[in-house]
Amino acid sequence: MAIKTILPEDKLPTKWYNIAPDMPEGSLVPPLDPGTGQPIGPEALAAIFPMALIGQEVSTDNYIEIPEEVQEIYKLWRPTPLIRALRLEKALDTPAKIYFKYEGVSPAGSHKPNTAVAQAYYNKEAGVKRIATETGAGQWGSSMALATQMFGMECTVYMVKISYEQKPYRRSMMEVWGAEVLASPTDRTQSGQKILADDPDSPGSLGIAISEAVEDAATHEDVNYALGSVLNHVLLHQTVVGEEAVAQMEMAGVYPDIVIGCIGGGSNYAGLAFPFMRDRLRGDKQVEFLAAEPTACPTVTKGEFAYDFGDTLMSTPLLKMHTLGHDFVPAGIHAGGLRYHAMAPLISALVDAGHMDAVAYTQNEIFEAAIQFAQTEAIIPAPESSHAIKAAIDKALEAREAGDEKVILFNLSGHGYFDMSAYDQYLSGNLVDYAYPEEKIRESMAKIPKMG
Ligand SMILES: *Cc1c(COP(=O)(O)O)cnc(C)c1O
């Protein structure tokens, strides 16, 4: 029995899969201008994104060629392995077959370089000299630092201040790859100055850091902005994960009954899921989809499906998505990558149309699953990815009760080797479970703009 399925190099994907033309009728709605409430055209984004990426954002082509330079860089860590979790299956005493796709083998330790490299490439082609971006726990910032380094560009990372102080090694990683890392809020942007005037000791948030990076890009000619999740073009780039997985599952002689992933902004899950969703939307297969998120930031399970801003200071276009309100700041859970207030519009629309389900877990639940995984499958998973592991374990246990040999596939979006202090807290029994912050969510949801 092969535990690991590796794709031969000549079978690597050469195209990204764009789900837009396969989406349910009427499920895709345009972004709106925050001032006029009218749909915005592609030109509204030209101050911060290169035209090639804007084109991908609105593309109705089913497939988009991966540039050769990008394919070459992907080969540094792709294909990533598809692994059958035989030892976990045995520990769970389940007849289910559990497979996972392991994205932690990239240099930055997660799926994020799949889009960072593509975004750096198109910006370089457009003559952009520097990328401004934000990072929470540091996974996106380190991926963008790596990508800009590979293309000889500069990179400024606005890192949420509390993480800047708590995650010094992620910061070092970005600096090794040549990025300038600033603790956000900074006094370099008007957005940062505004926040600091109200609260000089602000710990920062992802929403604030996005406002700063967008402003930096919008006010400098040769500087662009890059976002690590949520947007259509980001999800598009991540489909290399799922296209590889489709081929690998075929090599292993199986097809998934259920595809699982964790969701922060939705990109790693979309990357794995969309090439299988293609089969469901076209009526070829009955596959199910389950997304896992934290109870402390329950965007899809408790949020509203509505037009909202992507950032705290209301400077981005309005997107229709699941949201907890643009000024919702979740508790400081260790799954930093899952602390965003909103969800990718493509994922939101699929949930709304009944093609995808979501579930939420507490910190202690996911660390328990992470430890069981590490003790059977050896890899120490990222806290974010552990939400997917928990969902896969639950499904495997359900299958045991039902005597069902179902095939479970999940995305292991990254490793947890920079998260050992979180494991330390769990093991010493000091990890806090945050209850569903109902009151706080009600307050911030009241501020979701009333559109259409
Ligand atoms: C950033 C991150 C996530 C969450 O982002 P998505 O866009 O939802 O994928 C999940 N896992 C890891 C390891 C991450 O770094």
Side-chain angles (χ1 to χ4, degrees), residues 80 100-116 119 133-146 157 159-160 163 167 170 173-174 206 209-210 226-242 259-274 289-294 297-300 310 321-322 330 333-348 350-351 356 358 360-361 366 370 373 379-391 410-419 422:
T80 63
F100 65 93
K101 181 79 168 150
Y102 184 39
E103 288 296 307
V105 295
S106 83
S110 77
H111 64 287
K112 290 198 172 78
N114 297 330
T115 183
Q119 293 191 46
T133 195
E134 74 289 332
T135 200
Q139 288 138 325
W140 170 243
S142 49
S143 302
M144 203 64 227
L146 164 72
V157 181
M159 185 173 191
V160 176
S163 305
K167 311 245 171 185
R170 277 276 169 197
M173 204 171 171
M174 292 184 258
L206 212 48
I210 294 175
L227 190 63
S229 188
V230 179
L231 298 179
N232 300 348
H233 68 267
V234 179
L235 275 54
L236 170 81
H237 301 152
Q238 292 295 350
T239 60
V240 284
V241 177
V259 181
I260 294 171
C262 68
I263 45 168
S267 73
N268 87 83
Y269 183 47
L272 177 68
F274 284 3
F289 295 87
L290 181 63
E293 63 181 8
C297 190
T299 314
V300 173
M321 55 193 173
H322 283 89
I333 53 167
H334 288 286
L338 307 187
R339 291 179 70 239
Y340 188 57
H341 69 273
M343 189 50 55
L346 286 170
I347 294 279
S348 292
L350 287 165
V351 171
M356 208 178 250
Y361 299 116
I366 68 102
F373 186 79
I379 298 163
I380 299 180
E384 291 84 357
S385 321
S386 304
H387 290 72
I389 295 173
K390 168 68 177 156
F410 74 90
N411 204 10
L412 191 65
S413 52
H415 66 61
Y417 303 129
F418 286 92
D419 300 283

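Position 1 is the first residue of the sequence; numbering continues from there. One-based numbering, in listed order, for ligands and for the atoms of each. Bear in mind the structure is a predicted one, so any value in this text is a computation, not a measurement.
Close contacts of ligand 1 with G414, meaning ligand atoms under 4.0 Å from a residue heavy atom, involve 13 (C). The ligand atoms of ligand 1 that sit less than 4.0 angstrom from a heavy atom of S229 are 6 (P), 7 (O).
In this structure, H111 has a heavy atom closer than 4.0 Å to ligand 1.
For the pair C262 and L338, the tightest heavy-atom approach, listed with the atom from each and the gap, is SG-CD2, 4.2 Å. In terms of heavy-atom proximity, N114 sits nearest to E103 at ND2-OE1, 3.2 Å. The two residues L272 and F410 have their closest heavy-atom pair at CD2-C, 3.7 Å.
Shown here are the side-chain hydrogen bond (donor to acceptor under 3.5 Å, both in side chains) partners of N411, two or more places apart in sequence or in another chain: N268. Residues meeting the side-chain hydrogen bond (donor to acceptor under 3.5 Å, both in side chains) test with S267, sequence neighbours left out: H111.
At a heavy-atom distance under 4.0 Å, only side-chain atoms of L338, from C-beta outward, approach ligand 1. When non-hydrogen atoms are compared, ligand 1 lies under 4.0 Å from the backbone of I263 (N, CA, C, O) but not from its side chain.
Residue contacts with ligand 1: G266 is placed with a nitrogen or oxygen under 3.5 Å of a nitrogen or oxygen of the ligand (distance criterion only). Residue G264 has at least one N or O atom closer than 3.5 Å to an N or O atom of ligand 1. Any N or O atom pair closer than 3.5 Å counts here, and K112 shares at least one such pair with ligand 1. Taking any N or O of G265, backbone or side chain, at least one lies under 3.5 Å from an N or O belonging to ligand 1. The shortest N or O to N or O distance between S413 and ligand 1 is under 3.5 Å. No N or O atom of Y269 sits closer than 3.5 Å to an N or O atom of ligand 1.
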Are I347 and Y269 close enough, and set up right, to give a side-chain contact (heavy atoms from CB on, under 4.5 Å), and what steps lead you there? CA-CA 9 Å; I347 294 279; Y269 183 47; 4.1 Å; yes
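Closest to atom 4 (C) of ligand 1, if we only count protein heavy atoms, is G337 O, 3.3 Å.
Checking H322 against S348 by side-chain atom types alone, a donor-acceptor pair falls below 3.5 Å.
A side chain to side chain contact (heavy atoms under 4.5 Å, CB included) with P294 is found for exactly one of H334, R339, H387, E384, namely H387.
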